[in-house]
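For the numbers below, each heavy atom of this structure counts, side chains included, while hydrogens, waters and symmetry mates do not. A note on names: the letters A, B, ... follow the listed sequences, proteins ahead of strands, and every chain is numbered from 1.
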Amino acid sequence: MNLENHLTSIVKEILTKHYATEIGEKMIQFEKTSKDFAGDITLVVFPLVKIAKKSPVQVGEEIGAILKNEVDLIADFNIVHGFLNLVIANSYWVNKLNEIAIQADYGSSLDKGSRLMVEYSSPNTNKPLHLGHLRNNFLGHSVSRILEANGHTVVKTQIVNDRGIHICKSMLAWERFGEGETPESTKLKGDKFVGKYYVKFDKVLKLETASVIANWEKGNFDESSAFEAEYTKFAEAMAAKEDEKSKKGLADKIKKLANNATPIMRDVKEMLLKWENKDPQVYALWEKMNAWVYAGFADTYKAMQVSFDKLYYESNTYITGKQMVEDGLKKGIFFQKEDGSVWIDLTADGLDEKLVLRGDGTAVYVTQDIGTAQQRMQDYPDLNGIVYTVGNEQDYHFKVLFLILEKLGYEWAKNCHHLSYGMVDLRNDKGEVGKMKSREGTVVDADDLVNEVVLTAKEMTEERGHIEGLSANEKEKLYHLIGLGGLKYYLLKVDPAKRMTFNPEESVELNGNTGPFIQYVHARICSLLRKAGELDKAPIQENVFLHDVEREILKKLVEYPVIVESAGKEYSPALIANYVFDLGKTFNSFWQSVSVFKEEDLELQRMRLELSRNVARVIKSAMYLLGIDVPERM
RNA sequence: GGGCCAGUAGCUCAGCUGGAUAGAGCACCUCCCUUCUAAGGAGGCGGUCCUAGGUUCGAAUCCUAGCUGGCUCACCA
């Protein structure tokens with residue numbers, strides 16, 4: 001039982017007896033003692049003032065005296081305003097250290113949880129991974145480990161977005177403009193190679209769109225008569241508007257219309273249709289280009305040190321989705337419009353009507369998501385829920401998806417959770433903050449960034465010169481461990497729900513609230529333990545003297561399992577990151593002010609080594625939950 | 001326009017199930033390596049917690065209204 005619960009029941013009993021009236025648990029509020037005052041835990045006396053009918057200070061004095069007298073655990077107390085600060089006996093903390101020291105997986109829950117699936121990454125196979133994917137991958141990977149630490153069995157997965165109009169775009173561009181070149185012939189990484197053709201398609205599309213609009217403006221609708229009526233409507237509305245915002249909105253609508261009227265768009269739609277009909281030529285092209293992309297992704301995932309247990313492919317699950325939509329249509333859950341498109345009406349739930357199948361019968365995004373969920377449940381019958389690590393621009397999408405699954409009658413729909421995270425903004429040289437835009441070339445490529453942080457780690461480490469004696473191979477591993485650890489920590493320390501600003505200099509920083517700072521604490525402790533040699537495993541005597549900073553460290557160690565639990569409940573690696581930084585900082589303060597080997601009292605020396613050893617264990621464990629390795633020297 | 005999210009130090013962020021004088025890191029300024037790794041430590045400077053009301057013994061935290069920024073409401077994914 002933790003200290004707070006333990007004290008709550010004791011205090012409740014004593015006060016009920018003393019004041020001869022029932023004291024509710026809600027009236028007994030504990031909180032951490034402010035570091036400006038002596039004490040380990042603080043009772044807020046305000047709620048008790050009414051019952052005792054005395055001033056807060058008097059009530060505090062009274063209760064403090066009773067507790068000190070009757071409870072061994074409480075060594076001393078002091079009152080500041082309405083706060084009763086309690087000093088817990090040293091022996092309590094020392095015994096806690098002895099308990100922690102013999103627990104194998106300290107911090108992990110002993111309860112058997114359920115089986116969960118965590119989806120993350122889920123890239124499109126038409127362009128390389130970028131900074132946004134890094135946040136996604138690190139989050140998903142870390143949350144998987146945090147859930148495991150909470151007793152769950154986790155299946156790490158992704159849905160590979162390997163089909164759809166966007167994939168056909170790079171295929172068409174390569175077929176038309178590629179002249180047979182390959183990743184091998186160009187020495188480009190496969191994902192980068194395919195991404196190049198996606199960009200090429202976009203360029204051609206823009207040119208064609210511009211020419212379509214130019215024709216329309218001249219009243220020339222030869223090949224796009226179907227668009228004439230709609231265009232005229234928008235154009236007239238635009239001429240009537242005065243303000244820039246409305247004008248721009250209408251201009252965008254015209255652009256979208258013109259997009260769809262371009263020859264290249266018509267061709268790519270035809271290609272998608274062919275693909276869904278398994279046209280052999282289109283299918284072979286698709287397989288070839290996807291293979292290039294997967295080879296590229298594999299390298300990136302390896303460098304990022306993330307992994308998956310099971311992969312799902314949209315190209316496979318969208319069929320299940322389509323079948324489910326057809327079944328749902330028969331059951332009356334969906335309805336069909338005149339043009340053959342299929343919809344679901346969610347207006348009764350405060351949402352809109354939502355398309356689930358296009359007029360030409362092809363699947364949309366949500367169609368395959370429905371199928372994917374169903375397939376996962378079939379593959380893992382004991383699966384209790386799915387966690388989707390996807391950016392917050394899709395909040396609405398997941399509301400819709402979960403609601404559709406519920407309406408289709410799936411019980412497990414209510415256990416699905418959208419782990420929504422904010423986008424990563426960039427800060428440019430001028431200090432302006434903005435989104436990544438591929439058009440402006442401000443997309444931060446995942447491979448480039450990983451290479452850069454590793455290189456910085458190498459330079460910094462060589463400068464320090466702490467690692468003489470390591471082999472070249474060991475050194476390379478260390479640079480990777482430090483660089484990547486720094487990057488992961490940088491992206492994980494922020495609350496997932498919040499959008500964050502990416503600052504290139506800060507992401508490779510080694511001082512302050514950073515991954516390497518924490519890794520360094522671990523390396524220092526390892527150095528200390530190497531010098532100490534074999535430790536005596538006997539429990540520490542409970543009457544040893546404790547410095548304030550040592551008590552602080554012990555309090556933090558005791559807190560660790562609570563942090564792991566709330567990180568699991570909130571799907572938040574940031575809680576772990578902040579905790580472990582705080583632990584490291586406190587330990588550094590101890591390191592600086594308290595010597596281990598100069599201490600003449602051997603029991604004290606033993607306690608300090610044991611304390612240090614367990615700090616290192618918790619750091620290693622917490623960093624593992626973040627997906628970060630810690631070195632023994634750096 | 002409807003819905004969702006956010007606004008805390010010069011910058012990046014904690015704190016938000018109401019509690020003490022609102023905390024870290026970076027940046028800037030002082031000190032501390034003959035001592036277990038200075039990728040460190042000790043201290044200083046720095047705040048209308050977006051604004052205005054309200055609830056409360058007590059509000060950065062809860063409620064209401066407004067302001068600012070973002071996302072979303074596609075036969076895109």
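- Contact check, A:Tyr396 against B:U72: no side-chain N or O comes under 4.0 Å of OP1 or OP2.
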Test A:Tyr120 against A:Gln158 for side-chain contact (heavy atoms from CB on, under 4.5 Å), laying out the working first. CA-CA 5 Å; A:Tyr120 60 96; A:Gln158 55 172 309; over 6 Å; no
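- Between B:C73 and B:U56, the two P atoms lie 43 Å apart (nearest whole Å).
- On the C1' atoms, B:G69 is 43 Å away from B:C31, given to the nearest whole Å.
- Phosphate contact (OP1/OP2 of B:A42, side-chain N/O of A:Ser589, threshold under 4.0 Å): present.
- Across all strands shown, A:Lys493 has no heavy atoms under 4.0 Å from either base or sugar-phosphate atoms.
- As judged by a 4.0 angstrom heavy-atom cut-off over every strand, A:Glu314 is placed among residues touching the sugar-phosphate backbone only.
- The separation of B:A6 from B:G23, taken at their P atoms, amounts to 24 Å, rounded to a whole angstrom.
- Residue side chain A:Phe83 meets the stacking definition with respect to B:A20: its ring centre sits within less than 5.5 angstrom of the base's six-membered ring centre, and the planes differ by less than 30 degrees.
- In this structure, A:Arg524 does not reach the B:A39 phosphate: none of its side-chain N or O atoms is under 4.0 Å from OP1 or OP2.
- Side chain to side chain, A:Asn260 and A:Arg266 fail the donor-acceptor criterion of an N or O pair below 3.5 Å.
- Within the structure, a side-chain polar atom (N or O) of A:His466 is placed less than 4.0 Å from OP1 or OP2 of B:A39.
- Applying the 4.0 Å criterion to OP1 and OP2 of B:G40, one finds that A:Asn511 has a side-chain N or O inside that range.
- Residue A:Ser420 is classed as having no contact, given no heavy-atom separation below 4.0 Å to the nucleic acid.
- Across all strands shown, A:Asp582 has no heavy atoms under 4.0 Å from either base or sugar-phosphate atoms.
- In this structure, B:C33 is classed as syn because its glycosidic torsion stays within 90° of zero.
- A gap of 9 Å separates the P atoms of B:A60 and B:A22, to the nearest Å.
- Here A:Ser34 lies in heavy-atom contact (under 4.0 Å) with a base.
- Here, B:C16 and B:U61 have their C1' atoms 4 Å apart, quoted to the whole Å.
- Looking at heavy-atom distances under 4.0 Å, A:Gln394 makes contact with a base.
- The cationic group of A:Lys337 lies under 6.0 Å from the six-membered ring centre of A:Trp343 and within 45° of the ring axis, placing it in a cation-pi geometry.
- Within the 4.0 Å cut-off from OP1 or OP2 of B:A39, not a single side-chain nitrogen or oxygen of A:Thr514 is found.
- Heavy atoms of A:Asn124 sit under 4.0 angstrom from primed sugar atoms or phosphate atoms, though from no base atom.
- In this entry B:C26 has B:G10 as its Watson-Crick or G-U wobble partner, both defining distances falling under 3.5 Å.
- Here A:Lys32 does not reach the OP1 or OP2 of B:G15: none of its side-chain N or O atoms lies under 4.0 Å away.
- Not one side-chain nitrogen or oxygen of A:Asn161 sits closer than 4.0 Å to the OP1 or OP2 atom of B:A77.
- Remark: the A:Asn392 side chain and the A:His418 side chain contain no N/O donor-acceptor pair separated by less than 3.5 Å.
- Residue A:Lys498 has no polar side-chain atom (N or O) positioned under 4.0 Å from OP1 or OP2 of B:U12.
- Side-chain atoms of A:Thr42 and A:Thr33 form a donor-acceptor pair, as typed in the model, at a separation below 3.5 Å.
- Listed pair A:Arg499 / B:G70 fails the phosphate criterion, with no side-chain N or O lying under 4.0 Å from OP1 or OP2.
- By the stacking rule of 5.5 Å between ring centres and under 30° between planes, A:Phe37 stacks on the base of B:A20.
- At a threshold of 4.0 Å, the pair A:Asp582-A:Lys556 counts as salt-bridged, since one of the basic side-chain nitrogens sits closer than that to a carboxylate oxygen.
- The partner of B:C49 cannot be assigned: no Watson-Crick or G-U wobble pair with both contacts below 3.5 Å exists in any strand.
- Residue contacts shown for A:Asn85 include a base, since a base heavy atom lies under 4.0 Å away.
- When heavy atoms are screened at a 4.0 angstrom cut-off, A:Lys35 is found touching the sugar-phosphate backbone but no base atom.
- Going from the P atom of B:U8 to that of B:G15 covers 14 Å, rounded to whole Å.
- Evaluation of A:Phe46 against the base of B:G19 yields a stacking contact (centre distance < 5.5 Å, interplanar angle < 30°).
- Geometrically, A:Arg163 engages A:Tyr318 in a cation-pi contact, judged by NZ or CZ lying under 6.0 Å from the ring centre and within 45° of the ring axis.
- The only member of A:Glu4, A:Glu559, A:Glu552 that meets salt bridge (charged side-chain N to carboxylate O under 4.0 Å, His left out) when paired with A:Lys32 is A:Glu559.
- Here A:Val390 lies out of heavy-atom contact (under 4.0 Å) with every strand.
- Across the C1' atoms, B:A27 and B:G18 are found 34 Å apart, a figure rounded to whole Å.
- The P atoms of B:C4 and B:A65 are separated by 12 Å, rounded to the nearest whole Å.
- Between A:Trp591 and the phosphate of B:A38, there is a side-chain N or O to OP1/OP2 separation shorter than 4.0 Å.
- Across all strands, A:Tyr365 comes closer than 4.0 Å to base atoms (heavy-atom distances).
- When Watson-Crick and G-U wobble pairs are counted only if both distances are under 3.5 Å, B:C62 pairs with B:G54.
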